[in-house]
Amino acid sequence: MSLSGKVALVTGSTGGIGLAIAERCVALGLDVVVSSRTPRKVKEVAERLSDVGPGRAVGIACDVRDADACAALVAGAVARLGRLDVLVNNAGVGHMKPVHKMSLDEWKDQIETNLGAVFYCSRAAVPHLARSGDGWIINIGSLASRNSFAGGAGYNASKFGLRGMTEAMMLDLRFEGIRVSIVMPGSVQTEFGQGSAAGKGWALQAEDVALAVTQLLEFPPRALVSRVEMRPTRPEK
Ligand SMILES: NC(=O)c1ccc[n+]([C@@H]2O[C@H](COP(=O)([O-])OP(=O)(O)OC[C@H]3O[C@@H](n4cnc5c(N)ncnc54)[C@H](OP(=O)(O)O)[C@@H]3O)[C@@H](O)[C@H]2O)c1
């Protein structure tokens, strides 16, 4: 199925998994909105991806913890690229510590970035995705959306919540012509969580997650893969 000419918005796409998703989308001919909190990085990445093509990339800076900024991000995407077919809610943070060692700011940062933002961006995007006729919302969860771990109180809360929210959205939005899916990776080598997967040669690469995301988009409209779990094949024993 040709994805050329479709428009994708990827939150948190100046690094890690989001960047790999944006790169792969552009390579497949989608036009992409690159976004994160850092205007300099947003501009650099959008220019670099546009130079590579064949899809176009435009950059719009946005802190997804701000509901009004998310609405402006979606409106800006449609104003700049004319339509919206795919929203990838990828931006995420991890503050891995037990509740009694977690600050209020860390708790709020995690819940707002990993969960609140998905509501803010999706709410703004749904009318545009419905007009697409083949709209997608893909949320980047985690194996931590299903498995609790020590030090994961806040992260697990946000990612378990995201899985529940995604499944409910899927049940609602299928009737608006929008497919909703959650992709749940295990350890991926990125800067995430102070680079906690650094040195883990066995970990997934961001490109692996990007492949899963774009493969979802290639399913025919009648088929909805609503949850993808992916893990390193051979983790340390
Ligand atoms: N790495 C893993 O092992 C792993 C495993 C499973 C799931 N995940 C999930 O995958 C997603 C991406 O993680 P990653 O590993 O690629 O992380 P990363 O390398 O730290 O990249 C995070 C991206 O999100 C942006 N970002 C952070 N806070 C933001 C905010 N408030 N508003 C807008 N953008 C924001 C960052 O840019 P700025 O700082 O410039 O804003 C950056 O572009 C997250 O949802 C994470 O939970 C990661």
Side-chain angles (χ1 to χ4, degrees), residues 9-24 32-46 48-49 59-74 76 87-96 105-106 108-121 137-147 149 151-152 154-163 165-166 182-210 212-213 227-232 235:
L9 164 56
V10 186
T11 66
S13 46
T14 55
I17 293 168
L19 173 59
I21 294 169
E23 280 175 332
R24 191 167 168 81
V32 173
V33 178
V34 171
S35 187
S36 84
R37 290 169 296 186
T38 316
R40 176 187 52 78
K41 286 199 257 173
V42 167
K43 186 169 179 287
E44 275 171 19
V45 170
R48 181 169 62 76
L49 295 194
I60 304 177
C62 172
D63 184 334
V64 294
R65 295 170 295 184
D66 177 338
D68 291 339
C70 291
L73 171 65
V74 169
L87 168 65
V88 183
N89 287 305
N90 165 77
V93 293
H95 303 292
M96 309 306 180
D105 281 349
E106 287 169 333
K108 286 182 178 167
D109 181 34
Q110 207 154 222
I111 296 295
E112 280 298 284
T113 310
N114 300 358
L115 191 56
V118 178
F119 170 63
Y120 306 144
C121 290
I137 296 176
I138 298 178
N139 295 333
I140 306 303
S142 167
L143 291 182
S145 297
R146 191 160 88 71
N147 306 324
F149 58 91
Y155 190 65
N156 282 137
S158 69
K159 292 294 186 183
F160 269 62
L162 178 62
R163 178 162 66 90
M165 181 180 172
T166 305
I182 185 165
V183 173
M184 298 164 44
S187 287
V188 186
Q189 267 188 339
T190 69
E191 297 303 311
F192 182 82
Q194 289 80 51
S196 54
K200 294 182 179 171
W202 46 263
L204 295 166
Q205 298 295 321
E207 292 72 23
D208 304 330
V209 183
V213 167
R227 184 194 312 164
V228 176
E229 292 188 15
M230 54 191 306
R231 62 198 78 233

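Just so you know, ligand 1 is whichever comes first in the structure, and atom 1 is the first atom listed for that ligand. All residue numbers in this chain count up from 1 along the given sequence.
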Student: Does Q110 reach the main-chain N or O of S158 with its side chain, forming a donor-acceptor pair under 3.5 Å?
Tutor: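 Side chain of Q110 to backbone of S158: no pair is present.
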Student: Once you restrict to heavy atoms under 4.0 Å, what part of K159 touches ligand 1? Side chain, backbone, both or neither.
Tutor: side chain
Student: Among protein heavy atoms, which lies nearest atom 23 (C) of ligand 1, and at what distance?
Tutor: G12 O, 3.4 Å
Student: Below 4.0 Å, non-hydrogen atoms only: which portion of E112 touches ligand 1? Side chain, backbone, both or neither.
Tutor: neither
Student: Does any N or O atom in P185 lie less than 3.5 angstrom from one in ligand 1, N or O only?
Tutor: no
Student: Go through ligand 1 atom by atom and flag the ones less than 4.0 Å from a non-hydrogen atom of G15.
Tutor: 43 (O)
Student: Check each of V88, L73, I60, N89 against L9 using the side chain to side chain contact (heavy atoms under 4.5 Å, CB included) test, and report the only one that passes.
Tutor: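 That would be L73; it is the only one of V88, L73, I60, N89 passing the side chain to side chain contact (heavy atoms under 4.5 Å, CB included) with L9.
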Student: Using distance alone, determine whether S187 and ligand 1 share an N or O pair under 3.5 Å.
Tutor: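 By distance alone, the answer is no.
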Student: Have a look at C62, S158, A144, C70 and point out the one with the heavy atom closest to atom 33 (C) of ligand 1.
Tutor: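 Selected option, by shortest heavy-atom distance: C62.
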Student: Starting at NZ of K159, measure out to CG of L115 and round the result to the nearest 0.5 Å.
Tutor: 9.0 Å
Student: Is it the case that over 12 heavy atoms from other parts of the model lie below 6.0 angstrom from the NZ atom of K200?
Tutor: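 Counting other residues, nucleotides and ligands, NZ of K200 exceeds 12 neighbours.
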Student: Using a 4.0 Å cut-off to any heavy atom of I140, which atoms of ligand 1 qualify?
Tutor: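 Listed by number with element: 9 (C), 10 (O), 11 (C), 45 (O).
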Student: Quick one: does any side-chain atom of S13 pair with a main-chain N or O of S35 as donor and acceptor, under 3.5 Å?
Tutor: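 Side chain of S13 to backbone of S35, a donor-acceptor pair under 3.5 Å: yes, one is there.
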Student: Suppose I only count heavy atoms of D63 and a 4.0 Å limit; which atoms of ligand 1 are within that range?
Tutor: 30 (C), 31 (N), 32 (N)
Student: Touching ligand 1 at all, G141? Heavy atoms, strictly under 4.0 Å?
Tutor: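 Per 4.0 Å heavy-atom rule, G141 contacts ligand 1.
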Student: My understanding is that we take every heavy atom of each candidate and find the minimum distance to atom 45 (O) of ligand 1. Doing that for V42, L73, N90, L204, which one comes out nearest?
Tutor: N90
Student: I'd like to know if E44 pairs up with R40 as an ion pair, taking the criterion as any Lys NZ or Arg NE/NH1/NH2 lying under 4.0 Å from an Asp or Glu carboxylate oxygen.
Tutor: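 So E44 pairs with R40 through a salt bridge.
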Student: Do any nitrogen or oxygen atoms of I17 come within less than 3.5 Å of a nitrogen or oxygen of ligand 1?
Tutor: yes
Student: Output the list of atoms in ligand 1 that are nearer than 4.0 Å to some heavy atom of K41, sorted by atom number.
Tutor: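 Reading through ligand 1 atom by atom, the close ones are 40 (O).
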Student: If we check side chain to side chain contact (heavy atoms under 4.5 Å, CB included) with R65, which of these qualifies: V93, I111, N114, T113?
Tutor: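 One option only clears the test, and that one is T113.
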Student: May I ask you to check whether R37 has an N/O atom sitting below 3.5 Å from an N/O atom of ligand 1?
Tutor: yes
Student: Got a second to check how far F192's CZ is from M96's CE, nearest 0.5 Å?
Tutor: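 Output value for this atom pair is 4.0 Å.
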Student: Does an N or O from V93, backbone or side chain, lie closer than 3.5 Å to an N or O of ligand 1?
Tutor: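 Checking ligand 1 against V93, no N or O pair falls under 3.5 Å apart.
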Student: Test your reading of the model: is there a side-chain donor-acceptor pair from T11 to the backbone of A91, 3.5 Å cut-off?
Tutor: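 Side chain of T11 to backbone of A91: a pair is present.
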Student: What residue and heavy atom of the protein are closest to atom 40 (O) of ligand 1, and at what distance?
Tutor: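 In this structure, atom 40 (O) of ligand 1 has T38 OG1, 2.5 Å as its nearest protein heavy atom.
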Student: Given T11, V183, T14, which has its nearest heavy atom closest to atom 43 (O) of ligand 1?
Tutor: T14
Student: Contact between N114 and ligand 1, counting heavy atoms under 4.0 Å?
Tutor: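 No, N114 has no heavy atom closer than 4.0 Å to ligand 1.
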